[in-house]
Amino acid sequence: MHSRDGKGKHKLAVIAAFILLLVVLYQLSASRQASPIVSEDEVMSAESQWRELLELGEQIIGDKISGTVKWQGSWGTLLDPEEAANVLTTRLGLPAAEQGMLQNHTVYSSSGSRDEFALHLNVTRISSSEYYVVLRLEGEGRQAMSSLSEQQALLGQSLLDEGITAEWNAAVQGMRKQPDELERGSLKEALDGVEKQFPKKLDLTLVEQYEDQDTISRTYYSAYLPISVDSGGQKVGLQAALHIHSVTGEQEVSLGSPLLTIEY
């Protein structure tokens with residue numbers, strides 16, 4: 001009797017384990033199908049997200065497009081400030097950094113260019129063993145955007161390789177290709193027109209909206225965009241802003257991911 005009961009329990013345990021395995025495999029398969037992009041690391045995510053942002057900008061803005069990419073984060077190192085800064089300038093192919101002061105903090109800065117875009121590096125000493133690093137890449141025109149597409153992720157990887165916990169954000173900006181004829185109070189309609197050019201694959205959900213006399217801004221969440229930030233307790237991955245120039249009446253569009261960190 002005891003032998004049969006033991007065999008029966010063993011068979012039930014095997015069956016239960018098999019069912020559990022099937023459930024886990026199903027959940028894994030479902031989660032893969034639900035996620036348009038699986039973010040393996042910050043650099044790969046930044047590369048794909050920049051291309052989505054640039055494609056969107058080129059549809060709305062056209063040839064006279066400018067772009068900014070930032071990699072920024074803290075760096076724990078025992079190197080002295082000048083040595084720490086020059087480790088990065090050497091790695092990035094920039095001139096030796098120059099010392100300055102910003103809000104009572106020592107800052108080492110360096111600027112240079114690569115192909116069609118400019119590089120700006122700031123290394124700020126926060127404490128005896130911590131720095132805050134900002135690498136800003138800027139360019140204007142399609143050729144510069146192409147160069148940024150080829151190199152911005154590699155430059156970010158260079159910072160990560162040095163041990164910097166660098167995070168990515170980017171923006172594109174320029175005059176709208178085919179602006180609507182605006183009447184008073186129609187900022188909302190103008191940005192609605194911009195939204196119609198957003199690709200359906202982004203499946204954007206509106207999170208926040210801000211509007212004043214000549215500017216309107218909206219933030220969105222998209223599961224398709226792997227890099228997001230929390231804003232008001234909700235995740236956002238894209239911000240769009242439209243500004244009307246008071247003199248010319250031109251419509252300037254700014255698109256940032258995951259948020260705009262430039263003036264608009």
Side-chain angles (χ1 to χ4, degrees), residues 39-51 53-54 65-141 143-173 226-230 239 254-264:
S39 175
E40 294 183 9
D41 57 40
E42 185 82 4
V43 172
M44 288 182 65
S45 297
E47 187 170 16
S48 65
Q49 198 142 323
W50 165 255
R51 292 185 185 279
L53 181 67
L54 180 58
I65 185 172
S66 62
T68 302
V69 174
K70 287 183 184 177
W71 287 95
Q72 56 191 10
S74 60
W75 185 23
T77 177
L78 295 176
L79 295 173
D80 65 51
E82 185 174 6
E83 187 179 4
N86 285 328
V87 164
L88 297 182
T89 56
T90 300
R91 180 77 186 246
L92 298 170
L94 290 171
E98 297 181 359
Q99 182 180 346
M101 295 294 294
L102 179 64
Q103 297 179 347
N104 297 321
H105 290 291
T106 302
V107 181
Y108 279 81
S109 302
S110 178
S111 295
S113 61
R114 180 177 295 194
D115 294 338
E116 300 290 330
F117 64 92
L119 299 83
H120 307 282
L121 175 70
N122 282 347
V123 182
T124 304
R125 192 174 196 180
I126 305 301
S127 69
S128 59
S129 60
E130 185 179 7
Y131 298 85
Y132 195 79
V133 177
V134 179
L135 176 63
R136 190 173 78 255
L137 316 172
E138 297 176 324
E140 185 173 347
Q143 186 57 48
M145 298 303 98
S146 176
S147 296
L148 276 175
S149 297
E150 293 171 0
Q151 300 187 49
Q152 63 94 15
L154 294 174
L155 291 166
Q157 183 67 63
S158 295
L159 298 186
L160 294 171
D161 289 346
E162 293 294 338
I164 300 166
T165 56
E167 296 182 346
W168 176 91
N169 65 75
V172 293
Q173 194 170 33
I227 299 176
S228 61
V229 294
D230 287 329
Q239 183 176 2
S254 301
L255 303 168
S257 187
L259 278 174
L260 281 168
T261 60
I262 60 172
E263 292 185 3
Y264 59 89

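With sequence neighbours excluded, the residues forming a side-chain contact (heavy atoms from CB on, under 4.5 Å) with D80 are E82, E83, listed by chain and number. In terms of the side-chain contact (heavy atoms from CB on, under 4.5 Å) criterion, residue partners of D161 (sequence neighbours excluded) are, by chain and number, R91, Q157. Residues forming a side chain to side chain donor-acceptor pair (under 3.5 Å) with Y131 (at least two apart in sequence, or on another chain): none. Judged as a side-chain contact (heavy atoms from CB on, under 4.5 Å), and not counting sequence neighbours, the contacts of L259 are T219, V229, V236, Q239. For T165, the side chain to side chain donor-acceptor pair (under 3.5 Å) partners two or more places apart in sequence, or in a different chain, are S74.
A side-chain hydrogen bond (donor to acceptor under 3.5 Å, both in side chains) check over residues 113-125, counting only residues at least two apart or in different chains, returns the pairs S109-N122, S111-H120, R114-Q151, D115-Q151, H120-E138.
At a threshold of 4.5 Å between non-hydrogen side-chain atoms, the residues T77 and E162 do not count as touching. Contact of the L92 side chain with the S158 side chain is registered, since non-hydrogen atoms from C-beta on lie closer than 4.5 Å. Using a 4.5 Å cut-off on side-chain heavy atoms (C-beta onward), T89 and P95 make no contact. Side chains of I65 and E140 form no contact here, defined as non-hydrogen atoms less than 4.5 Å apart. The shortest distance between side-chain heavy atoms of W168 and K70 does not fall below 4.5 Å.
For CG of L78, the number of neighbouring non-hydrogen atoms (other residues, nucleotides, ligands) closer than 6.0 Å is 12 at most. Heavy atoms from other residues, nucleotides or ligands lying under 6.0 Å from CD of E98 number 12 at most.
Atom-to-atom distance recorded for T68:OG1 and R136:CZ is 7.5 Å, nearest 0.5 angstrom. Here CH2 of W75 is found 12.5 Å from OG of S129. Values are rounded to the nearest 0.5 Å. Rounding to the nearest 0.5 angstrom, the gap separating the CH2 atom in W71 from the CG atom in L159 is 8.0 Å.
Nearest heavy atom pair, residue A96 against residue S110, reads O-OG, 4.3 Å.
Of the candidates L155, V69, V123, L88, L135 forms a side-chain contact (heavy atoms from CB on, under 4.5 Å) with just one, namely L155.
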